[in-house]
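Here's the structure, in structure tokens; my notes come after.
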Amino acid sequence: MEISSEKLKDINGNYDWYNKFGEGYRVVYFYEDDTYKIGTYCKKIEDFMMDFVEIEPIEDESDIPPFLSITNLLERYLQTIKDINAVAIYKTDGTCIAEKKREI
């Protein structure tokens, strides 16, 4: 699915964060009713692993699960968020880096 760079650069109607941090990546969750939700922003894809920390607050780098691959990352989202039927990583310029659909 194509998602505009404007939507990927927007957080609650605000672009100030983008002006401060610049290009990066967003996770996008897709639902069965053909809707989607744009989630977390990270400067590096590996940083999305912070979404899977089991101990809060993060006190040490070892609290963050290791990044294995983009495929593994997408599978983790599908396992964790039961009501999505697909998940993708987009660059904030609108480029889809990877997408994974839930297997039925």
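Start at 1 with the first residue, then count along the sequence.
The cluster map of Ile, Leu, Val, Met, Phe, Trp and Tyr, joined by side-chain heavy atoms under 4.5 Å apart, puts L68 and I45 in different clusters.
Of the possible polar contacts, none joining the S5 side chain to the T92 backbone as a donor-acceptor pair under 3.5 Å is found.
At most 12 non-hydrogen atoms from other residues, nucleotides or ligands lie less than 6.0 angstrom from CG of D34. For K37, the NZ atom counts as loosely surrounded, since its 6.0 Å shell holds 12 or fewer non-hydrogen atoms of other residues, nucleotides or ligands.
Figure legend: cation-pi geometry between R76 and F52, with NZ or CZ positioned under 6.0 Å from the six-membered ring centre and within 45° of its axis.
Cluster partners of L8 are M1, I3, V28, F30, Y36, I38, Y90, counting Ile, Leu, Val, Met, Phe, Trp and Tyr whose side-chain heavy atoms approach within less than 4.5 Å, directly or via other members.
D47 pairs by the side chain to side chain contact (heavy atoms under 4.5 Å, CB included) definition with C42, K44, M50, not counting sequence neighbours. For T95, the side chain to side chain contact (heavy atoms under 4.5 Å, CB included) partners are K91, D93, I97, not counting sequence neighbours.
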Could you walk me through whether K100 and L78 pass the side chain to side chain contact (heavy atoms under 4.5 Å, CB included) check?
CA-CA 8 Å; K100 182 152 180 71; L78 288 171; 3.6 Å; yes
Please step through side chain to side chain contact (heavy atoms under 4.5 Å, CB included) for the pair E23 and K9, ending with a clear verdict.
CA-CA 9 Å; E23 290 293 327; K9 294 174 183 175; 4.0 Å; yes
Kindly determine whether K101 and N85 satisfy side chain to side chain contact (heavy atoms under 4.5 Å, CB included), including the steps that lead there.
CA-CA 6 Å; K101 295 180 180 180; N85 68 340; over 6 Å; no
Side chain to side chain contact (heavy atoms under 4.5 Å, CB included) between Y25 and Y41, worked out
CA-CA 6 Å; Y25 302 90; Y41 162 86; over 6 Å; no
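From I64, atom CD1 reaches atom CG of D51 across 10.5 Å, with rounding to the nearest 0.5 Å. Atom CG of D10 sits about 10.0 Å away from atom NZ of K7, to the nearest 0.5 Å.
Smallest separation of non-hydrogen atoms from A86 and E99: CB-OE2, 4.1 Å.
Contact of the Y77 side chain with the F48 side chain is registered, since non-hydrogen atoms from C-beta on lie closer than 4.5 Å.
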